[in-house]
2 protein chains.
Amino acid sequence: MKKAALELEAKSGPVAVGDKTLRAFHGYQMKRTFNVIQSDLSRTLKPFDLRMLTYSALVLIVDNPGLRQSQLAEAMDIERPNLVLIVDELERRDLIIRDRLPNDRRAYALKVTLAGRQLYQKTIAAVKAHEEMLLEGIGDDALATAMDVMRRIEKNHRRVG
Amino acid sequence: MKKAALELEAKSGPVAVGDKTLRAFHGYQMKRTFNVIQSDLSRTLKPFDLRMLTYSALVLIVDNPGLRQSQLAEAMDIERPNLVLIVDELERRDLIIRDRLPNDRRAYALKVTLAGRQLYQKTIAAVKAHEEMLLEGIGDDALATAMDVMRRIEKNHRRVG
DNA sequence: TATTGTTATACTCTATAACTATA
DNA sequence: TATAGTTATAGAGTATAACAATA
């Protein structure tokens, strides 16, 4: 069964849920929205045999060649141990390589391979279409404001954390 | 170690990461922001022995007495099987009750107990402070726009789903 | 037949401690 | 001593199939 057409009143505004009026709390809409983005992006990436995490890693390595694993983990906001299997998978598929740094033999410089760059190029149109579909009807100004709000929330946390 | 003070350029805007300029993609900021909200809210709820999921369920039951489990699962955007342990936990702690519906003996009407309502009341100030901290410096208009954008994204997905 | 709640199960993501090799 | 990457492990959250009781 697909989602019914109900509305629930939330402190952050109405959230469509069923055929009742419910009330929720802030932070809750963010979760729902992220779930939507995550599941839709996963479906989009499936034909390329990529997940959101492996795709994120690939994009960051493509755009930032020579990145260390610890830097990539920080960029992806995950712990270093959790990145190992992600990099393993990309390397096993010959999409990236781990290149020892000559001046610091503890670390790796992560670099995309030709195959990795080609796969990345193939995903671009699909990911763009995915985002355009989800963002349809949303003005550029509203989207920019929403992204600003999210970055501000992230910074507010860091100030404490 | 805490996050360093670097900036990485992303298609959705700059994302602070390390001491390099990186590029990312849309949907990625949402994940980072949700992680922040999730981890901060979890820390806020810990003294009350609640998680985001158990808290969400409690709030929805408080505000919508008599809700069925299937409706609650839909409201929380999770599958019915995954709600069972959440409701089990709340019921075991005598925060809610499962009340058989007389007209449909397959279903339960979920209702908050006095203890559940008291716990919910105790959490209000803490959750409010949590949200005020994360939303500090964000104008009402910007926040409203951001929430509108998120609801729109959710609706755009459903249209396809 | 269909629906409500349940059980079992598996997969993904996340978090922590401890190890190795290098610095 | 400290850092980069790794291993092992455990805990959450999520998704699907199949079942019993009821409609």
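Letters A, B, ... mirror the listed sequences (proteins, then strands); counts begin at 1. Owing to the predicted nature of the structure, the values given are computational and were not obtained by experimental measurement.
- Counting heavy atoms of neighbouring residues, nucleotides and ligands inside a 6.0 Å radius, atom CZ of A:R105 does not exceed 12 of them.
- Atom-to-atom, CD1 of A:I86 to P of C:dA15 comes out at 12 Å; the value is rounded to the nearest Å.
- One atom, CZ of B:F34, and another, P of C:dC13, lie 14 Å apart when rounded to the nearest Å.
- Heavy atoms of A:L53 sit under 4.0 angstrom from primed sugar atoms or phosphate atoms, though from no base atom.
- Taking atom CG on B:L41 and atom P on D:dA12, their separation rounds to 15 Å, with Å as the unit.
- Comparing C:dT6, D:dT6, C:dC13 against the side chain of B:K31 picks out C:dC13 as the nearest.
- Under the 4.5 Å side-chain heavy-atom criterion for grouping Ile, Leu, Val, Met, Phe, Trp and Tyr, A:L110 is connected to A:L53 within one hydrophobic cluster.
- Two residues, B:R68 and B:L85, neighbour DNA chain C, and the one matched to the more 5' nucleotide by heavy-atom proximity is B:R68.
- Among the atoms of the strands shown, only primed sugar atoms or phosphate atoms (P, OP1, OP2) are found under 4.0 Å from some heavy atom of A:R98.
- Nucleotide C:dA10 holds its C1' atom 15 Å from the CD atom of B:E79, rounded to whole Å.
- Place A:D104 and A:P81 on DNA chain D by their nearest nucleotides, and A:D104 ends up nearer the 5' end.
- Rounded to a whole Å, the OH atom of A:Y108 is 9 Å from the C1' atom of D:dT6.
- Backbone-only contact: A:I78 has heavy atoms under 4.0 Å from sugar-phosphate atoms and none from a base.
- Between the CE atom of B:M52 and the P atom of C:dT14 there is a distance of 15 Å, given to the nearest Å.
- Between B:S70 and C:dG5, a side-chain N or O to OP1/OP2 separation shorter than 4.0 Å is present.
- Spacing between atom CG of A:L83 and atom P of C:dA15 amounts to 14 Å, rounded to whole angstrom units.
- Atom CG in A:L72 sits 5.0 Å away from atom CG in A:L67 (nearest 0.5 Å).
- The CZ-C1' distance, from A:R100 to D:dT3, rounds to 13 Å in whole Å.
- Contact of A:N82 with C:dA15 (side chain to base): a donor-acceptor pair of N or O atoms is detected under 3.5 Å.
- Of the candidates D:dA4, C:dT12, C:dT3, the closest approach to any side-chain atom of A:R51 belongs to C:dT12.
- Across all strands, A:Q69 comes closer than 4.0 Å only to sugar-phosphate atoms, never to a base (heavy-atom distances).
- To the nearest 0.5 angstrom, B:L58 atom CG is 6.0 Å from B:L119 atom CG.
- For C:dT3, the base has a donor-acceptor partner in the side chain of B:R106 [N/O atoms by modelled type, under 3.5 angstrom].
- Here CG of A:L83 is found 11.5 Å from CD of A:Q71. Values are rounded to the nearest 0.5 Å.
- Along DNA chain D, the nucleotide closest to A:V87 and the one closest to A:N35 are compared, and the more 5′ of them pairs with A:V87.
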